[in-house]
Amino acid sequence: MDLALTPEQLSFRDEVRSWLKANLPGDWVEKVRAGSDIPRAEGYAFLRSWQRKLYDAGFMGLTWPKAYGGRGLTFMEELILHEEMALVKAPPVLNILAIGMAGPTIIAYGTEEQKKRYPAKMLSCEEIWCQGYSEPNAGSDLAALQTRAVRDGEHWVVSGQKVWTSVAHLADWMMLLARTDPDAPRHKGITYFLLDMKLPGITVKPLRQITGDPEFNEVYFDSVRVHESQILGGLNNGWAVGLTTLMYERLALGFGLQVRLRIALDGLIELARRSRKAGRPATDDPILRQKIADLWIHTEVLKYTGARAITRLVKGEVPGPEASTGKLMWVDTHQRLQAVAMEIQGPYSQLTRGSRWSVESGLWQYSFLRSLANSIEGGTTEIQKNITGERVLGLPKG
Amino acid sequence: MNFGFSEEQDLLRSTARKFLENECPSEKVRRLMETPEGMEPALWARLAEQGWLGLIYPEEFGGMGLGFVDLVVLMEEMGRAVVPGPYFSTVVLGGLAILEAGTAAQKKEWLPKIAEGEARATLAWMEPSAMLGPEGVALAASRDGGRFLLSGTKLFVHDAHTAEAIVVAARTSPGTPAGEGITLFLLPRETPGLAVTLLPTMDQTRKLCDVTLTGVSVGADAVMGEVGGGWQPLARVLDRATVALCAEMCGGAQKVLEMTVEYAKIRQTFGRPIGSYQGVKHKAADMLVDVENSKSITYYAAWAMDERVPEGPLGVSMAKAYVSDAYRRVAAAGIQLHGGIGFTWEHDLHLYFKRAKGSELTFGDATHHRERVAQLVNL
Ligand SMILES: Cc1cc2nc3c(=O)[nH]c(=O)nc-3n(C[C@H](O)[C@H](O)[C@H](O)COP(=O)(O)OP(=O)(O)OC[C@H]3O[C@@H](n4cnc5c(N)ncnc54)[C@H](O)[C@@H]3O)c2cc1C
Ligand SMILES: Cc1cc2nc3c(=O)[nH]c(=O)nc-3n(C[C@H](O)[C@H](O)[C@H](O)COP(=O)(O)OP(=O)(O)OC[C@H]3O[C@@H](n4cnc5c(N)ncnc54)[C@H](O)[C@@H]3O)c2cc1C
């Protein structure tokens, strides 16, 4: 056990550090209105250019093979990059569904042509991806999905509807799961398509969320013709391919989320220092001190649990139980953090942006409301606990 | 960066687990905890044979010269088996205090004896005020020519009744700032004027004592290190002991989780194993989160102790805060998910629950350590 960095890792860290020092945009928080994992509409253009900058500097796709635009490094370097970004409160990466999920899945299952075509453009943010899994009657129970794809010569004709599709309104491509064999058992007749969002017959309707902003969408498919070369990982093999994506999702979320948590925590501490409770700084209030210290501890714990998981991966071992607990723990910590931010603000916590009295332009009100989704998106807490109980602890299925 | 154990450490873990399963099964734990000593000479001798009593002492003192992370591996296994008796008090509390603060002569006299299983030691620092910081050390040690006269009471002292050597923290110069004027003394238990009373406690596997000193006269050779310079080494020992305790707690929590999962697979209600009900499954998942996170932060703190990194004390308090709550939650959930049988004396769960509760309170509970975290991060 040695948590110190090796000389190579240290020099990589220095490389990241000095680049960030020279290139970090100073006023991005105001531009993007942070505190949220998925940025708001007014920040998209800025975030595209930020990701492009990271890409040009060689910091995107660190673990991806060089042949497909990556750098062929390990998750340890990825961890270092994320930590350094957290330390300086760097903006998030916009094309996160592509980087976290679509790219690794294509690299794992794609044809050589697909691997040459897609991943590099994800890294540079030239092409934004969305994830078309959920449907009105297929969320937790994903295998119940009904969107159909019917063969017509070299094409597949897609009809149906997806819902809760984040960034579909921005996306160039979609990871689409559709039913290609309605007669097969539920999990067997599904295929994974790489879908061009500009194809005729696709309609994207933004859904307004609890925050007031649209961020996810309904997506309708009206006889959309997709070429068979766009199948990823084989016909009717979509369940296995899709699960791989979800595994990467959890892993990627693990890194990224912990970093955003650290940034949010630093923001919370600043807020507490400036705010007053009963005539003294909120940080002097014994109960708030306890709550903030607890958030600090949980944030650090999450980091070390993540580091243990990464150590196993880098050693070539399979992820251990520590890997599956990350999302559950993150959700709990982040939601509590947002609630504490409200508590610190007292009556001001009611005021949203637009009021001259609102605290930090209503940033926390937005992220507090947004945090409610954390225990739903990417698999609900209940489903995560079922999976943990059954796959990690070996408890019988219900 | 490598946040995993070495092959040697994995081997130590599996050896220790097998050894303790054979030599200290729960029937023996129950038998020993009912005795005042809490330990039998044969088992103590076997621990010495394994080299575990001297695990972290340098070879020159008859130890194995291993690191703190190795100790953590062993402590986890000790906690898993709820081993009763004075291992923790001797090897970690008393032994580390002697190693950290003792004079060359004191180390040479006591550490080999401890490593060989011939002597046991402990650390007497807390007093009836139950204060955790240097302010809590009030026991007076006044100069009496070339000697010192010690008077006062120490409370919550681990295994003082069976220890041959007791490290006592005393105040040699009253009126100075709390952290100054504290001196450590190394006293044989048989010193005249020193009286030890065993206290009835909830956790019978861990014995606590009241140590009262009435005009105890000791020579300068009893002083450990510098007169007045005792708080710094004492604080370092307490930090290390806290991490070792956290490791013990991790092992206990892990065992409770395993017992509960096994039970949930076989116990049937309404024609199904209870583990198939989500109410049970989700609680088990929460237990796993607690256990895994406890290990992560404890391993980090152990590494920080081994490397003496400046953030060490922060790591210690983060670990103790997290693990204190987590182990208690896990142990309580274990009882809950066992239903009525979990509430019986016959079932082992109460041994773990009581250990969890006692450990939570030792060296400061989560509330205390969260406040320390707040201070260390300049909140
Ligand atoms: C902000 C946000 C962004 C999203 N982005 C995307 C996206 O980009 N692409 C995409 O495909 N999807 C996306 N989703 C959808 C998300 O994956 C689903 O919402 C989620 O899987 C839950 O499905 P559902 O909403 O249909 O709820 P349901 O499955 O109907 O669940 C309702 C409630 O019942 C519980 N429940 C359901 N089944 C069980 C069970 N077996 N045991 C115990 N409890 C159960 C759930 O935990 C939940 O509390 C997003 C969701 C949100 C909130
Ligand atoms: C102090 C004490 C005094 C008692 N006194 C009496 C008495 O005087 N007379 C008497 O008849 N009984 C008495 N009981 C027994 C008590 O009623 C039972 O212990 C209780 O009903 C639980 O049954 P069990 O112990 O068999 O646990 P189990 O039924 O085996 O349950 C084990 C665990 O599984 C959970 N579980 C079981 N089924 C489900 C499910 N479908 N969904 C979710 N979770 C589930 C339970 O909640 C529990 O956590 C007493 C118990 C105690 C602790």
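Sequence lines set the chain letters: A, B, ... in the order given, protein chains first and strands last, and positions in each chain run from 1.
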**Asked** Are there more than 12 heavy atoms of other residues, nucleotides or ligands under 6.0 Å from atom OH of B:Tyr277?
**Response** yes
**Item:** side-chain contact (heavy atoms from CB on, under 4.5 Å) evaluation trace for B:Asn2 with A:Met1
**Value:** CA-CA 5 Å; B:Asn2 171 6; A:Met1 188 171 296; 6.0 Å; no
**Message:** Between the side chains of B:Lys295 and A:Glu322, is the shortest nitrogen-to-carboxylate-oxygen separation below 4.0 Å, so that they form an ion pair?
**Reply:** no
**Request:** Determine yes or no for a side-chain-to-main-chain donor-acceptor pair under 3.5 angstrom, with A:Gln290 supplying the side chain and B:Thr367 the backbone.
**Result:** yes
**Least distance between heavy atoms, A:Leu395 atom then B:Lys265 atom** = CD2-CG, 4.1 Å
**Asked** Would a 4.5 Å heavy-atom cut-off, applied to side chains only, mark A:Arg312 and B:Phe3 as touching?
**Response** no
**Message:** Would you call the rings of A:Tyr304 and B:Tyr300 parallel, tilted or perpendicular, taking 30° and 60° as the class edges?
**Reply:** parallel
**Prompt:** Quick one: what part of A:Ile269 sits under 4.5 Å from any heavy atom of chain B, side chain, backbone, both or neither?
**Reply:** side chain
**Asked** Hey, is NZ on A:Lys397 packed in by over 12 heavy atoms from elsewhere, all under 6.0 Å?
**Response** no
**Message:** Within the supplied structure, the quantity of interest is the number of heavy atoms (other residues, nucleotides, ligands) at a distance under 6.0 Å from B:Asp10 CG; does it exceed 12?
**Reply:** yes
**Prompt:** What heavy-atom pair brings B:Ala285 and A:Leu393 nearest, and what distance separates the two atoms?
**Reply:** N-CD1, 4.1 Å
**Request:** Against chain B, label A:Leu3 side chain, backbone, both or neither, depending on which of its atoms sit under 4.5 Å from a heavy atom there.
**Result:** both
**Asked** Which atoms of A:Lys303 come close to chain B, meaning under 4.5 Å heavy atom to heavy atom: side chain ones, backbone ones, both, or neither?
**Response** neither
**Message:** Looking at chain B, which one of A:Pro396, A:Gly394, A:Gly320, A:Ser324 has the largest number of heavy-atom pairs inside 4.5 Å, strictly under?
**Reply:** A:Pro396
**Request:** Can you tell which part of B:Val377 gets under 4.5 Å to a heavy atom of chain A, answering side chain, backbone, both or neither?
**Result:** both
**Asked** Within the distance-only criterion (no hydrogens, no angle test), does the side chain of A:Arg308 pair as donor or acceptor with the backbone N or O of B:Tyr299 below 3.5 angstrom?
**Response** no
**Item:** Derivation and outcome, side-chain contact (heavy atoms from CB on, under 4.5 Å), residues A:Ile297 and B:His369
**Value:** CA-CA 10 Å; A:Ile297 293 164; B:His369 283 281; over 6 Å; no
**Item:** Closest heavy-atom pair and its distance - A:Pro321, B:Leu288
**Value:** CB-CD1, 4.1 Å
